[in-house]
Number of protein chains: 2
Amino acid sequence: MDIRTLCLGILTMGDATGYEIKKTFEDRLDLIFHASYGSIYPALNKLTEEGLVSCREFSQEKRPDKKIYSITANGRYQFFDAIMKKPAADRFRSEFLATLMFSHLLPASAISEFIDDRIKDRLQKIASMADECGSKQTVREQFLCNFGLTMYQAEIDYLQDNRHLLEADALMGTRAAE
Amino acid sequence: MDIRTLCLGILTMGDATGYEIKKTFEDRLDLIFHASYGSIYPALNKLTEEGLVSCREFSQEKRPDKKIYSITANGRYQFFDAIMKKPAADRFRSEFLATLMFSHLLPASAISEFIDDRIKDRLQKIASMADECGSKQTVREQFLCNFGLTMYQAEIDYLQDNRHLLEADALMGTRAAE
DNA sequence: AATCACATGTAAGGCGTTACATGATTGG
DNA sequence: CCAATCATGTAACGCCTTACATGTGATT
């Protein structure tokens with residue numbers, strides 16, 4: 001599933017401009033996908049060529065023409081096909097965890113600081129999401145939002161309960177090196 | 001942090017060939033990073049050019065020459081610099097969750113099936129990791145392994161506790177469409 | 001005075017995968 | 001007999017980001 005396909009999916013929820021699609025990625029899909037204009041606009045052009053979306057143009061004064069995209073019957077069909085396939089595995093990459101894997105090279109203070117920062121970051125995300133979750137318009141979005149909250153909280157709990165293992169290990173390393 | 005840097009990190013744990021580095025990615029970093037030969041071998045060549053690793057060649061009969069890489073002092077210094085920087089945000093992408101976000105287009109049976117499959121997959125991962133976690137050699141690796149276990153379990157719990165919301169919503173959609 | 005919201009796009013480049021190319025040895 | 005392990009590498013391509021290019025109007 002690429003961004004081209006996701007754009008198609010977003011258009012199943014209603015017509016939109018490229019600009020609005022970008023916002024939808026930010027507001028509704030931020031937890032699971034990201035997309036920049038540099039991938040959205042070319043994707044929409046390609047989808048138009050392929051007849052999966054159609055485009056109406058509205059000329060505006062003092063702004064670029066606004067192009068409102070709609071998904072076509074064929075587009076709906078193709079998107080349905082895409083999501084009926086078994087979803088590919090998640091792609092996950094974490095510099096934070098990678099750093100901890102090499103923490104034998106770090107001073108104990110740095111390890112503690114990274115973990116503190118991580119917990120702060122997660123707490124902050126939880127704080128800003130907690131409000132949003134309630135006001136999501138669809139059950140699906142609420143489900144995803146609460147999924148995110150749950151995972152962030154699980155991470156905080158794990159870090160708080162187990163950080164001492166890493167920190168103790170780092171201090172032993174320090175002593176051994178003396 | 002790119003794969004080039006990670007190769008450097010792996011070499012801080014001991015000399016290795018490109019082949020062995022690939023295995024290290026699979027055995028020890030699978031949860032947080034992936035790398036193919038197509039990125040590892042060019043990375044090692046580049047690191048060699050830059051003087052961050054050195055390379056001894058051993059000719060073997062009936063096999064390509066084995067190249068054993070070692071990190072240099074300069075390499076260690078550069079890697080230290082890399083991990084002392086504030087880690088960049090995680091990159092996460094989930095087709096599974098994306099599919100659920102568009103589940104208004106799916107029959108309720110498909111939603112249930114996807115969730116069942118996901119839970120099965122997570123259970124399987126937990127099963128195969130549970131043994132491994134205990135036998136990891138460093139505290140850091142154990143920490144990461146248990147982190148993975150915890151997150152997978154949190155996901156299973158969330159899905160089991162909340163799937164009915166999504167499934168009920170899907171059935172309502174079916175009825176509304178009739 | 002500055003920043004955000006609106007609105008579209010391109011070009012260059014980064015980063016990485018997949019598939020290809022080659023081939024012996026060992027274990028099930 | 002087939003798959004896995006050992007061992008290196010390249011070429012083509014995919015996918016996406018960043019930075020650039022342009023500009024108005026409203027809000028702070």
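Chain A is the first sequence line, chain B the second, and so forth, proteins listed ahead of strands; every chain is numbered from 1.
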Distance, rounded to the nearest Å, where [X] contributes [atom1] and [N] contributes [atom2]:
X	N	atom1	atom2	answer
Ile40(A)	dT17(D)	CD1	P	9 Å
Asp27(A)	dC4(C)	CG	P	16 Å
Leu6(B)	dC15(C)	CG	P	13 Å
Met1(A)	dC16(D)	CE	C1'	16 Å
Tyr41(A)	dT17(D)	OH	C1'	16 Å
Phe33(B)	dG16(C)	CZ	C1'	12 Å
Ile21(A)	dC6(C)	CD1	C1'	15 Å
Arg93(B)	dG16(C)	CZ	C1'	13 Å

Taking only side-chain nitrogens and oxygens of [X], does any of them come within less than 4.0 Å of OP1 or OP2 of [N]?
X	N	result
Tyr37(B)	dG9(D)	no
Thr17(B)	dC6(D)	no
Lys23(A)	dA5(C)	no
Arg4(B)	dG16(C)	no
Arg91(A)	dG16(C)	no
Ser36(A)	dT17(D)	yes
Lys22(A)	dC6(C)	no

Using a 6.0 Å cut-off, check whether atom OH of Tyr77(B) has over 12 heavy atoms from anything other than its own residue.
no
Check every atom of [options] against the side chain of [X] and return the nucleotide holding the closest atom.
X	options	result
Ile3(B)	dT8(C), dG16(C), dC16(D)	dG16(C)
Tyr19(B)	dC6(D), dA7(C), dC16(D)	dC6(D)
Ser39(B)	dT8(D), dA7(C), dT17(C)	dT17(C)
Tyr69(A)	dG9(C), dG16(C), dG9(D)	dG9(C)

The test is side-chain contact (heavy atoms from CB on, under 4.5 Å); show your working for Glu50(A) and Gln78(A) and say whether it passes.
CA-CA 11 Å; Glu50(A) 295 168 348; Gln78(A) 297 247 317; over 6 Å; no
Check this for me, if you would: do Glu155(B) and Arg118(B) make a salt bridge, where the nitrogen-to-carboxylate-oxygen distance has to be below 4.0 angstrom?
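Here Glu155(B) pairs with Arg118(B) in a salt bridge, since their nearest N and O are under 4.0 Å apart.
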Answer with base, sugar-phosphate or nothing: what part of the nucleic acid does Gly38(B) contact at a heavy-atom distance below 4.0 Å?
base
By nearest nucleotide on DNA chain D, pick out whichever of Ala35(A) and Ile68(B) is the more 5' one.
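The residue whose closest nucleotide sits nearer the 5' end is Ile68(B).
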Taking atom types as modelled and ignoring hydrogens, do the side chains of Gln153(A) and Asp157(A) form a donor-acceptor contact shorter than 3.5 angstrom?
yes
Any donor-acceptor pair under 3.5 Å linking the side-chain atoms of Asp2(B) with those of Thr5(B)?
yes
Dump the intermediate steps for salt bridge (charged side-chain N to carboxylate O under 4.0 Å, His left out) on Arg122(A) and Asp90(B), then the final yes or no.
CA-CA 12 Å; Arg122(A) 278 2 197 179; Asp90(B) 296 353; 3.3 Å; yes
